[in-house]
Amino acid sequence: MTARTPASASDSPVSDASDASDSSDPSPTALSRPTRIGDAALALLVERGMRGLTHRAVDERAGLPQGSTSNHARTRQALLETAVRRQVELESRVLTPHEMPGPDSGLDALVDALSLALHRYVTDHRALLVSRYELALEATRRPELRTFFDAAGSAVFHGPLIALMADAGSAAPERHALSLIAWCEGLMFSCAAGSFHSAVPSRAELRTGFEELLRGMLGG
């Protein structure tokens, strides 16, 4: 990859995680209390890390009366699960259903959809990546969170991607989906916290990368 898209100030991983939501979302005060708690939790994870995520801090960040977060999620596990639910909900909007290719759309349509989603992640939603990494690392230390985290992500992301690979003609859709996920995760981490954090690949470069990877797996 050669050309780079400079990262703007709004792309900073310390921006509010709720910025990842759709521009048509209602104002924060119009959101449900669980959603406000989830948004505040993700924003705190981005800005302060796991140590900064407390029930009191979430109340303050969400503009809620003290004790509101404890009433909704009494334990730390429950608070983390609330954050995971909101994380999955926001990430599921990065590629909306109408943008997904159909079963017989062909390789080009799949490459277009995947490059669009990945480019959105690394340009507009890098805060979401940071909060996801915080939650994933915490899950390595909490078996109960690991189970919840994996189940939430698998239902929304892994299953559909395996189906996409099968529709594209993969002879080993689960293995190919794993390879694709690993490639995407490497790029996203590099752009959110690694060597590409100040300048990210263009969508054209990402499209070329996806095409090379998928043609290698699927042939053609």
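This chain uses plain numbering: 1 for the first residue, then up along the sequence.
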Asker: Does any pair with a residue in residues 184-202 pass salt bridge (charged side-chain N to carboxylate O under 4.0 Å, His left out), and if so which ones, sequence neighbours excluded?
Answerer: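 Only Arg132-Glu185 qualify under salt bridge (charged side-chain N to carboxylate O under 4.0 Å, His left out).
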Asker: Nearest 0.5 Å please: distance from the NE2 atom of His125 over to the SG atom of Cys191.
Answerer: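 Between atom NE2 of His125 and atom SG of Cys191 there are 14.0 Å.
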Asker: Side-chain polar contacts of residues 171-181 - donor-acceptor pairs under 3.5 angstrom, sequence neighbours left out - could you list them?
Answerer:
unit_1 : atom_1 : unit_2 : atom_2 : d
His176 : ND1    : Ser170 : OG     : 2.6
Ser179 : OG     : Arg175 : O      : 3.3

Asker: Suppose we screen for side chain to side chain contact (heavy atoms under 4.5 Å, CB included). Which residues come up paired with Thr140, at least two apart in sequence or across chains?
Answerer: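 For Thr140, the residues satisfying side chain to side chain contact (heavy atoms under 4.5 Å, CB included) (neighbours in sequence not counted) are Arg146.
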Asker: At what distance, to the nearest 0.5 angstrom, does CZ of Arg142 lie from CZ of Arg76?
Answerer: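 Answer for the CZ-CZ pair, Arg142 versus Arg76, is 6.0 Å.
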Asker: Report yes or no: does His55 contribute a side-chain atom to a donor-acceptor pair with the main-chain N or O of Ala73 at less than 3.5 Å?
Answerer: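 It does hold such a pair.
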Asker: Checking Phe148 now: which residues fulfil ring pair (Phe, Tyr, Trp, His ring centres under 6.0 Å) with it, not counting sequence neighbours?
Answerer: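 Residues passing ring pair (Phe, Tyr, Trp, His ring centres under 6.0 Å) with Phe148: none at all.
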Asker: How close do Leu206 and Trp183 get, heavy atom to heavy atom, and via which atoms?
Answerer: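 For Leu206 and Trp183, the tightest heavy-atom pair comes out as O-CH2, 4.1 Å.
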Asker: How far apart are the closest heavy atoms of Arg33 and Ser68, and which atoms are they?
Answerer: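 So the minimum-distance heavy-atom pair works out to NH1-OG, 3.5 Å.
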Asker: State, with a plain yes or no, whether a side-chain heavy atom of Leu79 is found less than 4.5 Å away from one of Ile37.
Answerer: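 Heavy-atom side-chain distance check passes, below 4.5 Å.
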Asker: I would like to know whether Tyr121 and Leu187 meet side-chain contact (heavy atoms from CB on, under 4.5 Å); could you show each step before the answer?
Answerer: CA-CA 10 Å; Tyr121 266 120; Leu187 268 173; over 6 Å; no
Asker: Do the side chain of Tyr133 and the main chain of Phe189 share a donor and acceptor less than 3.5 angstrom apart?
Answerer: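 Yes, because the side chain of Tyr133 sits within donor-acceptor range (under 3.5 Å) of the backbone of Phe189.
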Asker: For the residue pair Arg74 and Ala78, what are the closest heavy atoms and their distance?
Answerer: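 For Arg74 and Ala78, the tightest heavy-atom pair comes out as N-CB, 4.2 Å.
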Asker: Report all side-chain donor-acceptor pairs from residues 101-118 shorter than 3.5 Å, counting only partners two or more places apart or in another chain.
Answerer:
unit_1 : atom_1 : unit_2 : atom_2 : d
Ser105 : OG     : Gly102 : N      : 2.7
Ser105 : OG     : Gly102 : O      : 3.1
Asp112 : OD1    : Arg207 : NE     : 2.6
Asp112 : OD1    : Arg207 : NH2    : 3.2
Ser115 : OG     : Val111 : O      : 2.9
Ser115 : OG     : Asp112 : O      : 3.0
Ser115 : OG     : Arg203 : NE     : 3.4

Asker: Restricting to side chain to side chain contact (heavy atoms under 4.5 Å, CB included), what partner residues turn up for Met100, sequence neighbours left out?
Answerer: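 If we apply the side chain to side chain contact (heavy atoms under 4.5 Å, CB included) test to Met100, skipping adjacent residues, the hits are Leu95, Leu164.
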Asker: Determine the minimum heavy-atom distance between Leu214 and Met165, stating which atoms define it.
Answerer: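 Closest approach of Leu214 to Met165, heavy atoms only: CD2-CE, 3.7 Å.
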Asker: State whether the number of non-hydrogen atoms from other residues, nucleotides or ligands found under 6.0 Å of Arg56 atom CZ is greater than 12.
Answerer: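 For Arg56, atom CZ is not crowded (no more than 12 foreign heavy atoms under 6.0 Å).
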Asker: Under the side-chain hydrogen bond (donor to acceptor under 3.5 Å, both in side chains) test, which residues partner His72, sequence neighbours left out?
Answerer: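 Residues passing side-chain hydrogen bond (donor to acceptor under 3.5 Å, both in side chains) with His72: Thr82.
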Asker: Can you tell if the side chain of Thr69 reaches within under 4.5 Å of the side chain of Thr54, non-hydrogen atoms only?
Answerer: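 When only atoms from C-beta onward are counted, Thr54 and Thr69 do not touch, as no gap falls below 4.5 Å.
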Asker: What are the two closest heavy atoms between Val46 and Ala127, and how far apart are they?
Answerer: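 So the minimum-distance heavy-atom pair works out to CG2-O, 3.3 Å.
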Asker: Looking only at heavy atoms, which two atoms of Gln87 and Ser131 are closest? And how far apart?
Answerer: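 Shortest heavy-atom separation between Gln87 and Ser131 comes out as OE1-OG, 2.6 Å.
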Asker: Looking at Glu81 and Leu145, would you say the former's side chain and the latter's main chain have a donor-acceptor pair under 3.5 Å?
Answerer: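 No, because the side chain of Glu81 does not come within donor-acceptor range (under 3.5 Å) of the backbone of Leu145.
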Asker: If the condition is salt bridge (Lys or Arg N to Asp or Glu O under 4.0 Å), which residues does Asp167 pass it with, not counting sequence neighbours?
Answerer: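 By the salt bridge (Lys or Arg N to Asp or Glu O under 4.0 Å) rule, Asp167 matches no residue at all.
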Asker: With hydrophobic residues grouped by side-chain heavy-atom distances under 4.5 Å, do Ile162 and Phe157 end up in a single group?
Answerer: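 No, Ile162 does not connect to Phe157 through the hydrophobic network.
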Asker: Do NZ/NE/NH1/NH2 and the carboxylate oxygens of Arg85 and Glu89 come within less than 4.0 Å?
Answerer: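 A salt bridge is absent here (no side-chain N lies under 4.0 Å from a carboxylate O).
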Asker: Glu134 versus Leu53: any side-chain heavy-atom pair under 4.5 Å?
Answerer: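 Glu134 vs Leu53: side chains apart.
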Asker: Kindly indicate whether the side chain of Met50, heavy atoms from C-beta on, has any atom under 4.5 Å from the side chain of Leu80.
Answerer: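 Met50 vs Leu80: side chains touch.
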Asker: Can you sort out the partners of Glu60 under salt bridge (Lys or Arg N to Asp or Glu O under 4.0 Å), two or more places apart, ordered by chain and number?
Answerer: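 For Glu60 there are no salt bridge (Lys or Arg N to Asp or Glu O under 4.0 Å) partners, ignoring immediate neighbours.
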Asker: Applying salt bridge (Lys or Arg N to Asp or Glu O under 4.0 Å), name anything that partners Arg120, two or more places apart in sequence or on another chain.
Answerer: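 Glu99.
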Asker: Is there a side-chain contact (heavy atoms from CB on, under 4.5 Å) between Leu135 and Leu42? Walk through the geometry before answering.
Answerer: CA-CA 9 Å; Leu135 290 166; Leu42 294 181; 4.1 Å; yes
Asker: Tell me every residue that passes side chain to side chain contact (heavy atoms under 4.5 Å, CB included) with Arg141, counting only those two or more places apart in sequence or in another chain.
Answerer: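 Scan of Arg141 (side chain to side chain contact (heavy atoms under 4.5 Å, CB included), adjacent residues dropped) gives Leu137, Glu138.
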